Amino acid sequence: MRTVAALILLLAFSSRSSPAEQILEGFTTVSGTGFAFELKAPRGWFLDDGAAHEQGLKVVFYPRDTSWDSSPAVCYVQVRTLDNRVRRVEDQVQDTLQNLRQHGEATPRARLLRVITTQDASKAQVYQITGIQSGTEEAVAYVQGKSSIHFITLSARDPAAFKTAWAAFESLVSSYEDLTQPAPANG
């Protein structure tokens, strides 16, 4: 009986300290004060809610047969609460460029590539970030929320990986659904 009780305690402890979840093509909800939205991992990509916690990221995405650390292209999600300095997507884009300059990037630039309509009919403004010394290619889709800006970033080690991951990035961005919006009225 003691062995069974010890085994149950061991299993209970193990489940609390188990690694975060990695789900192939799964759904996730990102939420906080004043916001909640859902995303679906692209076909053939994992969503992982633990791989980048130490980097301050709640959820990341990367292709099957890779990992967060080894993938040539990854996507991740961030949220910025609106404040006196950042009220609109354009303000956030300028703040991103300023942060890059403060971290040693001499000539970062942002160019609006396109607007993607999301699952809930939101408009995600997609900017390409260039001029990063490491050669990293990035695109960021910004969605304006009521009290925050939600952004999904595609970061690739080189132009070929960026091009290969672009369709998955578009799929991820278009899956965005704001869960704080009222449901449409059926009429």
Side-chain angles (χ1 to χ4, degrees), residues 15-42 45-63 67-69 71 73-100 102-103 108 110 112-129 136 138-156 165 168-185:
S15 67
R16 275 188 252 128
S17 62
S18 65
E21 198 158 7
Q22 179 188 54
I23 304 170
L24 182 63
E25 300 172 12
F27 286 89
T28 189
T29 299
V30 178
S31 61
T33 304
F35 69 89
F37 57 92
E38 183 177 74
L39 293 168
K40 183 184 186 311
W45 283 53
F46 283 109
L47 77 81
D48 191 325
D49 66 358
H53 270 237
E54 292 176 2
Q55 296 166 314
L57 301 172
K58 291 183 180 182
V59 64
V60 298
F61 303 85
Y62 47 85
S67 70
W68 170 249
D69 295 328
S71 181
V74 297
C75 293
Y76 57 91
V77 178
Q78 294 176 295
V79 175
R80 167 80 180 259
T81 301
L82 300 180
D83 57 28
N84 290 335
R85 212 173 74 223
V86 174
R87 306 286 313 150
R88 306 169 303 125
V89 167
E90 294 78 8
D91 300 333
Q92 178 57 51
V93 171
Q94 291 308 310
D95 192 62
T96 297
L97 294 175
Q98 181 180 348
N99 285 334
L100 286 169
Q102 288 173 347
H103 288 95
L112 180 64
L113 287 181
R114 61 179 298 198
V115 175
I116 296 175
T117 302
T118 68
Q119 178 72 26
D120 69 351
S122 292
K123 303 298 181 193
Q125 297 177 48
V126 179
Y127 284 81
Q128 183 171 15
I129 309 296
T136 302
E138 289 197 349
V140 185
Y142 298 96
V143 180
Q144 179 80 49
K146 293 175 192 165
S147 61
S148 54
I149 296 173
H150 315 146
F151 39 113
I152 304 162
T153 300
L154 165 62
S155 183
F169 173 69
E170 285 184 313
S171 173
L172 178 60
V173 172
S174 65
S175 77
Y176 173 95
E177 186 169 357
D178 185 342
L179 301 176
T180 66
Q181 291 184 1

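Since we're looking at a predicted model, the values are computed, not measured.
- Contact check for D49 versus K58: no side-chain heavy atoms found under the 4.5 Å cut-off.
- The shortest side-chain heavy-atom distance between E38 and T28 does not fall under the 4.5 Å cut-off.
- In plain terms, the two heavy atoms of L82 and G145 that are nearest each other are CD1-O, 4.4 Å.
- The closest side-chain heavy-atom distance from V77 to L39 is below 4.5 Å.
- Taking F37 as the reference, H150, Y176 meet the ring pair (Phe, Tyr, Trp, His ring centres under 6.0 Å) condition, with sequence neighbours excluded.
- In this structure, a donor-acceptor pair under 3.5 Å is present between the side chains of Y62 and Q22.
- Side chains of S155 and E138: a donor-acceptor N/O pair is present below 3.5 angstrom, by distance only.
- Environment of CD in Q102: crowded, with over 12 heavy atoms of neighbouring residues, nucleotides or ligands closer than 6.0 Å.
- Considering every non-hydrogen atom in both I129 and L100, the closest pair reads CG2-CD1, 3.7 Å.
- Counting only distance, with no hydrogens or angles, the side chain of Q144 and the backbone of V89 share a donor-acceptor pair below 3.5 Å.
- For residues 87-99, the pairs satisfying salt bridge (charged side-chain N to carboxylate O under 4.0 Å, His left out) are R80-D95, R85-D95, R88-E90, R88-D91, with sequence neighbours left out.
- No side-chain heavy atom of S171 sits under 4.5 Å from any side-chain heavy atom of W45.
- Scored by the side-chain hydrogen bond (donor to acceptor under 3.5 Å, both in side chains) test, D69 finds no partners at all (sequence neighbours excluded).
- Proximity of a side-chain donor or acceptor of S71 to a complementary backbone N or O of W68 within less than 3.5 Å is not detected.
- One N or O on the side chain of K40 and one on the backbone of E25 form a donor-acceptor pair closer than 3.5 Å.
- Residues V140 and T96 fail the side-chain proximity criterion, which asks for heavy atoms closer than 4.5 Å.
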